[in-house]
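One-based numbering, in listed order, for ligands and for the atoms of each. Below, all heavy atoms of this structure are taken into account, side chains as well, without hydrogens, waters or symmetry copies.
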Amino acid sequence: MDGDWARARIAELRREIRRHNDLYYRDAAPVISDQEYDALLRELEELEAAFPEFADPDSPARAVGADHDARFVSAPHSRAMLSLSNSYDPAEVEAFVQRLQKDLDREAIRFTVEPKIDGVAVAVRYRDGALAMALTRGDGRSGDVITANARTLQGLPLNLPDDWATRFPQRGVRAFEVRGEAYFGLGRFRALNEERTVRGLDPFANPRNATAGSLKTLDSAEVAGRGLSVFLYQIFPLDEQDGAEPGLTGGFPDHRREMAVLQELGFPVNPFLRTAESAQGILAILADLEGVRHDLDYQIDGAVIKVDDMRLQAELGFTAKAPRWGLAYKFAAAEAETLLTGVTLQVGRTGVITPVAELEPVELAGTTVGRATLHNWEEIARKDIRVGDRVVVVKGGDIIPKVLRVVADARTGQETSPPAPRACPVCGTPVVRGEGQVALRCPNPLCPAVLAGRLRHFAGRDAADIEGLGGKWVDTFLDLGLVKSPGDLFRLERAVLAALPGWGEKSADRLLASLAQAPERPWSAKLFSLGIPQVGVTTARTLARRFGGIAELAAAGGEELATLEDIGPVVAEAIVEFFASPGGRALVRDLQDVGYFLPGETVERVEDQGGKVAAIEGKTFVLTGTLPTLTRSEAKALIERAGGKVTGTVSRKTDFLLAGDGPGSKLGRAEELGVAVLDEATLRALLAGGD
Ligand SMILES: [Zn+2]
């Protein structure tokens, strides 16, 4: 190989990798897949090894990327926070096992295998039993201080049980550190993106980007509402200066015991942890994990393989970049190449027109993909996407696939750039573009696409929750002229519904029963169902807590609204504008007339009184799992306002365990100790004065 060529290629690779590091770690907006990134890094590593004369201590091949953000204070890590080496190839798992057998000069090595959560690494320190500090990975030597945001991580204890120090084999431990991965559950991620869309913000590309963005949000109240989760996988004691021994034992005999201690102290740990003693055993577990990965409520991008015995870990030690005792095995990325056959247009309930890529169907992460979002015309121009292109499609998050990039080499010259529309594809009204906005919109409030979108939003699960009003029925109702607005739904007649093709008395009764229940929906859900611009689920909850009914909210001024937590001037103005607009006023009046809005809405009224509640005052609560409508911090606030106390771990002093989905070890502990277990509905009943 030619030296000049190698020198040029090394420089080019370093530049490219640094750029992608910035995009990934600093901007949380990667433009290439992990697999492509790793391929660049490997090429650089190989070239640097083959041409040592071009070595550079600052080469990105020698350091992990940095996520430092100038808005945050940075602090040194207690000990280096390194990533494991990555592998995509089962043969490398075998090579890894063989290498360790040789290095340790022993046949029998037990390995643990656990899911690799596709989130953001965090390090959290506890001093004297209380959460004291949290850091991002940063460059591995120091990270950004994100303590306030870490305190909002669901299930992360703020305080530990009194006997916490006895869990360590060392005596007199005063402080320790846990490390793990913050992540978004997929349900929360979807809700967050829906909310961002409602507020006119760009949705996050995937849960990992949402996690990185959330941890780097300056307003921790905003972060608390998002419902970030965390899994911990490492714990070790710290000395007086928050330093840690360089060895990685933490004093525990093996990684399984380390995980058990985390769990005993009340930290969320992933339930999947298996062991194997051979490469074949590990590969079998990897296959099992890959088989269930799409059933999980969070994203995993692979598995972490570690030597279980921590004395062996210490013996193996580290390279400059990564521990020798572990390997991150990554599943093949969910991306595929296919042909872009056309670009169609979709009109949303706010009139926003989104271009959609029509694709030659292709297999992607277990599903057949025929369409992908193109976001907007700026994106199409930036990526130079043309009809007839070969394109690479990825599944970011579990949700809508997107076009990552064009395979430019495959161009024949026959490709054509899709023109931006001049008129709404549904009603033909000329499109508009709001000042400073990227999106094109149909401004016609009676556009059938806009009406259908509004009805679907109204009937949605987080809104009026009308069963039996699935996608195509909305279109049928609109086509037949049965319904033009949400209020019309309540005027549907049983006989008319039952006579619809494909319906019948049963379907009609089901829809009518669901509609009859709608006024009983939580006040915040009813408020959300209106589709007020900028008002997502969280903002609707804030408003519902402050205002007792729709009339009270409609009468509120912008200044009053802007004083509320989480509501800025832009949101306040959007709300005032909505209630001042003829369309908004007519919609509200209509929904009052049909009995959907009640003169005084109830549930959140109780929450807002802020008074002590006898059944809760002086009682100690522990929270676990995901609650159906409240985030943990909301539940905590409600309990505290009613005079109760919330602690991190279940002990004999605990009065109630408030448990949601996926309760973890706390539930078992509560049952052991005979602590009463409540669900959210029971908590609400208690708050409302019941017993
Ligand atoms: Zn239109």
Only residue of R208, Q299, E181 satisfying side chain to side chain contact (heavy atoms under 4.5 Å, CB included) with I117 is E181

Report task. Apply the test ring pair (Phe, Tyr, Trp, His ring centres under 6.0 Å) to residues Y596 and F490: give CA-CA distance (whole Å), side-chain angles for both, the deciding distance (0.1 Å), then the verdict. Result -> CA-CA 9 Å; Y596 175 68; F490 296 88; 5.6 Å; yes

Within less than 2.8 Å of the Zn ion (ligand 1), the count of protein N, O or S atoms comes to 4

(Q) Regarding R382 and E378, does a basic nitrogen lie under 4.0 Å from an acidic carboxylate oxygen? (A) no

- Item | Ionic contact status for R371 with E358, cut-off 4.0 Å | yes

Counting N and O atoms only, with roles assigned by atom type, does the side chain of R454 sit under 3.5 Å from a partner on the main chain of S485, one being a donor and the other an acceptor?
no

Rounded to the nearest 0.5 angstrom, the CG-CD distance for D462 and E194 is 6.0 Å

